[in-house]
*Asks:* 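I have a structure I would like to understand better, so I am pasting it below and will then ask my questions one at a time.
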Amino acid sequence: MNNEPATPILHGSCHCGAVRLTLPSAPENATSCNCSLCRRTGGIWAYYELGTVFVEGHPENTEEYIWGDRTLRNLRCKTCGTPTHWEPLTPPPHERMGVNARLVDPTLLEGVEVREVDGRSWDE
Ligand SMILES: [Zn+2]
């Protein structure tokens with residue numbers, strides 16, 4: 001046991017509030033991707049171990065979109081269309097899932113490094 005302060009828990013939600021995410025901690029960094037999907041949806045992706053992010057309203061309030069090599073499914077709110085997160089479709093063990101950091105209050109993410117990722121090069 002130690003006396004370190006608890007890691008702050010971050011909350012995020014889609015525009016209408018039907019899908020709400022609780023993150024275990026602030027991301028160390030996030031990625032801005034230029035693939036054919038991300039350049040349209042504009043998400044900034046933070047990565048978490050699968051099972052560490054609590055997603056309320058999923059799957060009942062979400063729709064999925066699967067494309068390309070079908071290794072993951074992109075999820076969005078059924079009502080407002082906000083891209084919320086993605087989940088792997090590959091067989092376990094899973095390394096991680098992605099959360100759209102734009103759902104979190106930007107003041108809470110100040111200082112999080114956003115890296116440019118050249119996803120366009122993976123496009124089919
Ligand atoms: Zn919504």
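Note that ligands are numbered from 1 as they come in the structure, with each ligand's atoms numbered from 1 the same way. Nothing fancy with the numbering, it's 1 onward along the sequence.
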*Asks:* For Thr82, enumerate each residue passing the side-chain contact (heavy atoms from CB on, under 4.5 Å) test, keeping only those at least two apart in sequence or located in another chain.
*Replies:*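 If we apply the side-chain contact (heavy atoms from CB on, under 4.5 Å) test to Thr82, skipping adjacent residues, the hits are Cys14, His15, Cys80, Leu103.
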*Asks:* Considering residues at least two apart in sequence or located in another chain, which fulfil the side-chain contact (heavy atoms from CB on, under 4.5 Å) criterion with Asn74?
*Replies:* Leu37, Tyr65, Trp67, Leu72, Trp86
*Asks:* Check for me: within less than 2.8 Å of the Zn ion (ligand 1), which protein N/O/S atoms show up?
*Replies:* Cys14 SG, Cys16 SG, Cys77 SG, Cys80 SG
*Asks:* A quick test of your reading: do over 12 heavy atoms of other residues, nucleotides or ligands sit less than 6.0 Å from CD of Glu28?
*Replies:*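 No, CD of Glu28 has 12 or fewer neighbouring heavy atoms, counting only those of other groups under 6.0 Å.
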*Asks:* Atom CZ of Arg73 and atom OG1 of Thr62: how far apart are they, to the nearest 0.5 Å?
*Replies:* 6.5 Å
*Asks:* If you look only at pairs with a residue in residues 42-51, which of them pass as a side chain to side chain donor-acceptor pair (under 3.5 Å), with sequence neighbours excluded?
*Replies:*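 Found Thr31-Tyr47.
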*Asks:* Supply the atom-to-atom distance His58 NE2 to Arg20 CZ, rounded to the nearest 0.5 angstrom.
*Replies:* 14.0 Å
